[in-house]
Amino acid sequence: MKEIRCHHLFCMTLFSGHGYDQNFSDHMQDLIDCFTQGEPFLLCEGSDAICRNCPNRTSHGGCTLGSEDVQKRDFQAMSVLGLSAGQRLDWEQRAKLLAQVDENSFQLVCGGCRWAKEGLCSFAILRERLETSRTML
């Protein structure tokens, strides 16, 4: 079972094909496709299946951009969503949890993120993605 860190629940939902490089973007899309097709995942602390292809990943599983930031985002995401490492989830459960997030909670997890600064994600986009995926079911 693939492991996913908690703040990546937001990232996967907001992913639009942009990434650090094409290898990372392709890998992220492959993971999302697996999960949308029903493969469950396990919440973890630290480096996960997404990090594996990140060009900023160190040989020890940290981040060259700073591991403290992603750890803080994971902690905030677990707190906001009421989750903990070791829990098993599927794509639908993820959507139900994220649908309960308000804008202040979104900012706790995602505020100041590079991708938000670049306009690739926001609370409005999160709401839109969740609504679109709900109507497709």
Side-chain angles (χ1 to χ4, degrees):
M1 182 176 304
K2 292 177 180 70
E3 293 185 330
I4 298 295
R5 61 187 326 148
C6 200
H7 89 267
H8 280 161
L9 300 179
F10 290 81
C11 299
M12 289 188 297
T13 304
L14 291 160
F15 181 69
S16 62
H18 302 281
Y20 298 104
D21 60 21
Q22 193 60 48
N23 181 46
F24 176 85
S25 293
D26 291 347
H27 178 69
M28 175 74 115
Q29 190 59 59
D30 289 346
L31 288 171
I32 292 168
D33 291 346
C34 285
F35 299 143
T36 58
Q37 293 170 17
E39 183 178 328
F41 50 89
L42 191 67
L43 290 180
C44 69
E45 293 179 348
S47 186
D48 67 0
I50 293 171
C51 297
R52 189 172 302 126
N53 282 56
C54 181
N56 297 316
R57 183 174 186 248
T58 67
S59 60
H60 301 292
C63 179
T64 61
L65 301 176
S67 298
E68 288 179 18
D69 182 61
V70 292
Q71 290 169 345
K72 181 188 107 192
R73 291 183 193 288
D74 286 336
F75 175 79
Q76 293 291 6
M78 284 187 193
S79 177
V80 162
L81 299 173
L83 297 170
S84 59
Q87 285 185 262
R88 180 181 161 156
L89 291 175
D90 63 34
W91 198 248
E92 288 304 311
Q93 290 169 313
R94 168 213 54 95
K96 288 177 185 175
L97 290 167
L98 291 175
Q100 297 174 29
V101 172
D102 63 23
E103 190 162 7
N104 288 334
S105 296
F106 176 84
Q107 290 303 323
L108 284 173
V109 178
C110 301
C113 171
R114 164 189 176 174
W115 305 111
K117 289 177 185 175
E118 292 183 22
L120 295 173
C121 64
S122 67
F123 181 70
I125 296 171
L126 178 70
R127 307 282 355 132
E128 178 184 305
R129 294 274 175 85
L130 292 169
E131 183 60 31
T132 300
S133 66
R134 191 172 66 86
T135 58
M136 295 176 77
L137 296 176

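As the structure is a prediction and not an experimental result, all values here were calculated from the model.
- Put simply, the side chain of H7 never gets that close to the backbone of K72: no donor and acceptor are under 3.5 Å apart.
- Interatomic distance, CZ of F123 versus CG of L14, reported as 11.0 Å (0.5 Å rounding).
- What you find for M12 and I32 is that their closest heavy atoms are O-CD1, 3.5 Å.
- Taking both residues in full, the closest heavy atoms of S47 and C51 are given as OG-CB, 3.3 Å, listed atom of the first, atom of the second, then distance.
- Taking the side chain to side chain donor-acceptor pair (under 3.5 Å) definition, one finds that Q100 meets it with nothing, sequence neighbours left out.
- A pairwise comparison of heavy atoms in T13 and R129 identifies O-NH1, 3.0 Å as the closest pair.
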Legend entry - Criterion side-chain contact (heavy atoms from CB on, under 4.5 Å) on Y20 and M28, from CA distance to verdict: CA-CA 11 Å; Y20 298 104; M28 175 74 115; over 6 Å; no
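- Salt-bridge annotation for E131 and R127: absent, with no side-chain N of the basic residue lying under 4.0 Å from a carboxylate O of the acidic one.
- Without hydrogens or angle criteria, R73 side chain to H8 main chain gives no donor-acceptor distance under 3.5 Å.
- Between R5 and D74 there is a salt bridge, with a side-chain nitrogen of the basic residue lying less than 4.0 Å from a carboxylate oxygen of the acidic one.
- In this structure, SG on C121 lies 10.5 Å from CZ on F10, to the nearest 0.5 angstrom.
- Shortest non-hydrogen contact noted between F106 and S122 is CZ-C, 3.4 Å.
- Looking at Q22 and D26, their side chains do bring a donor and an acceptor atom within 3.5 Å of each other.
- In terms of heavy-atom proximity, L120 sits nearest to S16 at CD2-OG, 4.2 Å.
- The one candidate from L97, I4, V101, V109 that meets the side-chain contact (heavy atoms from CB on, under 4.5 Å) condition with L9 is I4.
- Of all non-hydrogen atoms in P40 and M1, the two that sit nearest each other are O-CG, 3.7 Å.
- Taken together through direct or relayed side-chain contacts under 4.5 Å among Ile, Leu, Val, Met, Phe, Trp and Tyr, L42 and F35 form parts of separate hydrophobic clusters.
- In this structure, the separation between CG on L43 and CZ on R94 is 12.0 Å, given to the nearest 0.5 Å.
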Show me, pair by pair, the donor-acceptor contacts under 3.5 angstrom made by side chains of residues 76-87, not counting sequence neighbours?
{"unit_1": "S84", "atom_1": "OG", "unit_2": "Q87", "atom_2": "OE1", "d": "3.4"}
{"unit_1": "Q87", "atom_1": "OE1", "unit_2": "S84", "atom_2": "N", "d": "2.6"}

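- Separation of atoms CZ (F15) and CG (L31) is listed at 10.0 Å; rounding is to 0.5 Å.
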